[in-house]
Amino acid sequence: MALHAPQNRYSSSSEGSAYNFGGLSRSGTTSSRDGRSIRQSKRLSTTAFYMSVSAKDKDVEIDDELARAQKALRELKMRISSQSKRNFVLEKDVRYLDSRIALLIQNRLRIEEQTEFASHLEEASDSQHGPFPNDERMQSYGNLFFLLQSEPKYIAQLCRLISMSNIDNLLQTVMFTIFGNQYETREENLLLTMFQSVLTYEFDHSQDSSSLLRQNTPASRMMMSYTRRGPGQSYLRATLAQRINSIIELKDLNLEINPLRVYEYLYAQAEEAGTSEDWPQSISSEDAANRSDVRDIIEPRIEKLLDIANSFLGIITSSLKDIPYGIRWICKQIRSLARRRYPQAEDDLICTLIGGFFFLRFINPAIISPASYMLIDSTPAENPRRTLTYVAKMLQNLANKPTTAKEDYMTAALQPFTLENRMMMKQFLLDICEVPDFYESLELDNYVALSKKDLELTITLNEVYGMHQMLQDHRNELIKEGSTHLGILLQELGPAPPEVPRKDNRAICLPLYSKWETRLDDLSAALDITPAEVLFMEAKSTFVLLMRSLPADSHAVERPLRLDQVARAAATTRNDAIMVRKGIRGIELLSQLQDMNILTKKDAFSALREEVEQELIHLGSAKDTALKDLDKLQDVFRSIREHNAYLNQQLDTYKDYLKNVRDQAAGRSDEGKKDKKSGKPKAESSVKYTQPQLEKDGVVVRSSIPPDRRINVFFLFVSTTPGAFIINLFYKGRANSLLELDLKLDDLLEMQKNNQEELNLTYVTFSVSKLLALLNKKFAKKKGW
């Protein structure tokens, strides 16, 4: 049952709000803003700080097994992120071609005569790297994209403002560029805060719970795209691939339980045997379900479906610890926002909302379309495809909690499945939400980001210009006050430049920085950390590094560990000035910490020694984890590469198909023909109109040309190839055109489909529908459309 929100809405700063962390989970943690200080939390923050700094220390090149595994893991994660973006662009190209072909079919044009597709595909190669055209604008764009990345509220607002037709462009820039490093903690956490803001808005503006997270909106598309990033893909493959492939192999296992389909199968058999005279040709679903021969087939199939669905449920519920943190955290926000929005809601309703994301947007699409999620190598046969569809329906209905289904025949399968598993599903969905928040670590990461001098973003020119244009289009909604940072930057940048042709759409390295934030050279001053703690953690980091760098057979690393012996061994290393410097620094740190009465040599520096030993134990397990992760991600990367090859094959198929049909149509069109007398190519088809003629026919609806001069203006329409045109504007007495426009017929068709009534040019405005009618009338017969 859907719940309606109470009239007295809760403040958006309570639990679930994106930007007031005080009401969420900050209690009991360190905050430099409120003066609270808890030693354990500060120690964790300091440790994280020094581990992040020492991990980027270029002075000492550690070459142990852990370092090699971590390096390989970082490189592999970067390749996965980059390849995921390429696949997203290819998928967008395939959808683009499908939509354009559909438009052309609606206009009854021959597909084979459309050359724009071929040129679009030819330009769909990887972007080349190059410099930004303007250094000053690069600095402004660096400010803009740093702001968008570090303050995700703007993208969250943009997500709910743009139309579905622009969502792919936004997704590409947000998911694979601004937050494109799918395994980098800061970018991941910033992206999650963006989702929190999106979800807060969805809950605050919903009328009842039944529609939440289930409609196809830009927000739901963005959340679904998030689940298809590297961590989500890795989880799906590790959890579902083996079970799905076991179903795919059972090509002859028919588990159809729709009574009408089963009856049709029986009727076809009877017809083939010549015994169908007693069988009615048409029958209702209810009558088919009441037939004993149909029931005899369906009942054992239901039992088999229940076994398969239970096996899937068992695999999923046992994988709780493997579910990516980000997906679990989003589920946690759904629970928090649901409790805030519907205070009287019971856990059953809250679990339904969680299941609306976890199963509807994450698990079930992969079960229904495993090839699209790179879980199988080819499209499944009809029988296993139908089986997987039933499994997904049963899981979704279990998450939704009803014991009946829209289709009556599904109730027989759903009722026992739901009654048996509803409590387990409820507990599983609640357990998904039990993850810690990240606000304190994000605060630290943002401080570290401000201290860096080399923050940059690899981004294409059209992603820069496209995002600029979207921000300009919705400027009034995004900027309530002109003095905001975003308003100032958009004012500085001015109008967005037009996007460049795809062949010129090179990738650039955009340096990121904030013109309003001072870079922090002393992070310890920005964090609530004492000088003694800074020295202690530097000492810990230094000795861990020395232990990993000294030879394993060195007496200095023998247990029980003697830190002063470790430092002296490093300080006396031969032919390694960097190790000598680190060893000397270790000796200095031990001396300073003794002077501050934090350590004492009498107990062999036990406080520091214990933490170093614990860190080394942790690093040992970290090595095993890194090696396991490396194996998993290599498998994911192989799948992504295979999917990339599949998408390229699809595009090659388009090219071959269009070329073959164009060749077949050559005898019916003038394209490529030569004049019989001269042997030269035939002239392009063209027609000429004066501006008054076009105004009279309603093709030109407005013009900035003075009325007394319009009699001397004429337009030349040239059809270079079928479906492609050049429109030239000439002024009488001048040899060169004042305006030249390349136009594709399907561009006009798309404008018409989107209810865009006018095409605005420099001097005139055309009516889209009238221009389409003119082009069809004048060129269709000549070009064989």
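Closest approach of Ile155 and Leu148 over heavy atoms only: CD1-O, 3.8 Å. Here the closest heavy-atom approach between residue Met138 and residue Cys509 is recorded as CE-O, 3.8 Å. When all heavy atoms are compared, the tightest approach of Leu375 to Ala241 is O-CB, 4.0 Å. In terms of heavy-atom proximity, Ala366 sits nearest to Leu240 at CB-CD1, 4.4 Å. Listed here is the closest heavy atom pair of Met194 and Met222: CE-SD, 3.4 Å. Closest heavy-atom contact between Ala556 and Leu550: CB-CD1, 4.3 Å.
In this structure Glu188 satisfies the side chain to side chain contact (heavy atoms under 4.5 Å, CB included) test together with Leu192, Tyr226, Arg229, sequence neighbours excluded. Evaluation of the salt bridge (charged side-chain N to carboxylate O under 4.0 Å, His left out) rule for Arg562 yields Asp564 as partners, not counting sequence neighbours. Partners of Glu610 according to the salt bridge (charged side-chain N to carboxylate O under 4.0 Å, His left out) rule, which considers only residues two or more places apart in sequence or in another chain, do not exist here. Under the salt bridge (charged side-chain N to carboxylate O under 4.0 Å, His left out) criterion, Arg559 pairs with Glu613, not counting sequence neighbours.
Put simply, the side chain of Arg137 gets close to the backbone of Leu493: a donor and an acceptor are under 3.5 Å apart. Side chain of Ser197 to backbone of Thr193: no donor-acceptor contact under 3.5 angstrom is found. Panel note: side chain Ser591, backbone Glu588; no donor-acceptor pair is recorded below 3.5 Å. Listed for the Thr542 side chain is a donor-acceptor partner under 3.5 Å among the backbone atoms of Glu538. Arg328 contributes a side-chain N or O that, together with a main-chain N or O of Asp431, makes up a donor-acceptor pair within less than 3.5 Å. Distance alone, capped at 3.5 Å, is enough to place a donor-acceptor pair between the Lys332 side chain and the Val435 backbone. Side chain of Thr239 to backbone of Leu236: no donor-acceptor contact under 3.5 angstrom is found. The backbone N or O of Met374 lies less than 3.5 Å from a partner atom in the side chain of Arg237, making a donor-acceptor pair. The closest donor-acceptor contact from the side chain of Asn462 to the backbone of Asn505 lies at 3.5 Å or more, if one exists at all.
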Hey, can you pull the donor-acceptor pairs under 3.5 Å for the side chains in residues 318-326, sequence neighbours left out?
residue, atom, partner, partner atom, Å
Ser318, OG, Gly314, O, 2.9
Ser318, OG, Ile315, O, 3.0
Ser319, OG, Tyr235, OH, 2.6
Ser319, OG, Ile316, O, 2.6
Tyr325, OH, Pro436, O, 2.7

Could you pull out all donor-acceptor pairs under 3.5 Å where a side-chain atom in residues 599-608 meets a protein atom, sequence neighbours excluded?
residue, atom, partner, partner atom, Å
Thr600, OG1, Lys602, N, 3.3
Asp603, OD1, Phe605, N, 3.2
Asp603, OD1, Ser606, N, 3.4
Asp603, OD2, Ser606, OG, 2.7

Run the side-chain contact (heavy atoms from CB on, under 4.5 Å) test on Gln149 and Leu457 for me, step by step, so that the C-alpha distance in whole Å, both residues' side-chain angles and the decisive distance to 0.1 Å come before the verdict. CA-CA 10 Å; Gln149 187 186 76; Leu457 200 64; 4.3 Å; yes
Set out, in order, the CA-CA distance, both residues' side-chain angles and the distance that settles ring pair (Phe, Tyr, Trp, His ring centres under 6.0 Å) for Phe358 and Phe428, then state yes or no. CA-CA 11 Å; Phe358 185 77; Phe428 171 69; 5.8 Å; yes
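To the nearest 0.5 angstrom, Leu191 atom CG is 10.0 Å from Ile178 atom CD1. Interatomic distance, Ile578 CD1 to Ser549 OG, rounded to the nearest 0.5 Å: 10.0 Å. Here His485 contributes atom NE2 and Tyr154 contributes atom OH; the two are 7.5 Å apart, rounded to the nearest 0.5 Å.
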